[in-house]
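One structure is given below, encoded as structure tokens.
In each ligand, atom 1 is the first atom listed, and ligand 1 is the first ligand listed.
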Amino acid sequence: MLFVEANGAKIPAIGLGTWELSGRTCARVVEQALRLGYRHIDTAQVYDNEREVGDGLRASGVRRDDVFVTTKVWTNHFAPHDLERSIKESLVRLRLPAVDLVLLHWPNPHVPLEETLGALAHAKRMGLTRHIGVSNFTVALIEQAVALSGEPLVCNQVEYHPYLDQAKVRAACDRHGMALVAYSPIAKGRIKSDQTLLDIGHAHRKTPAQICLRWLVQQNVSAIPRTSRVERLSENIEIFDFELSDGEMADIAALASPKGRLTDFGFAPKWD
Ligand code: 1BO
């Protein structure tokens, strides 16, 4: 497994996303993923599955220290005391003394960012998490966050796949030594019948999903594909035995379109 190194963190290049996984399915998929070699699991308070992620982690038999666990604080807990309390509640649900990374899940313009980041840095100093970061932040918000944070921010987790150009956000992350972690990296399955990805996949004997994930990892991005199907877990991790050429990388980047974003909400920031 390759790692993406960022401001002191070593983030496995492929992780398991757990958005929309719940109950026994979630615990089973997490357990299987870890047995197959995944070492990075991504959850969030709002996914309502931290308990099952913890169950899967324990059932896998994989040593806790060998797994990079991320959770995210929902925006209604951004007031300083709430933030600390809610991280402690996440740890109780996960049944872990600390996680590897805590992210602010989305920007919240109603709470001063300085206060939320102050509380997040404090949570890190208290040992509740080894690293801190943000998610769904735009370039302007990254700049503000970096200037305000008392501890290094190790990543910005955003939607990223071949249909969505994230060059500006990637450049901002690079400038500040932060990793970009890609959610929805296979565009919620929309890539399955993409002719460009099928053609490139044919040349490498790989599926379009594997081509997408390889394209991300080759940009030093960490990707967290989600699946509820155990058979897909192996497919998503078998991407370290081939390399895309510069031309193939460019052909995949050219698939981006202004309508490529799949996850948007009324509370989302004005995207770059
Ligand atoms: C509302 C959740 C978006 C992806 O983490």
Fill in: NZ or CZ of Arg190 within 45° of Tyr163 ring axis and under 6.0 Å
no

Contact summary for [X] and [Y], nearest pair of heavy atoms:
X      : Y      : value
Leu153 : Met178 : O-CG, 3.1 Å
Asn236 : Tyr38  : CB-OH, 3.4 Å
Ala179 : Cys173 : O-SG, 4.0 Å

Item to complete: With sequence neighbours excluded, tell me which residues meet ring-ring contact (aromatic ring centres under 6.0 Å, His included) with Tyr160.
Response: Trp215

Practice prompt. Just say parallel, tilted or perpendicular for the rings of Trp74 and Phe267, cut-offs at 30° and 60°.
Written response: perpendicular

For ligand 1, output the ligand-protein N/O contacts shorter than 3.5 angstrom; if there are none, return none.
unit_1, atom_1, unit_2, atom_2, d
ligand 1, 5 (O), Tyr47, OH, 2.5
ligand 1, 5 (O), His105, NE2, 2.7

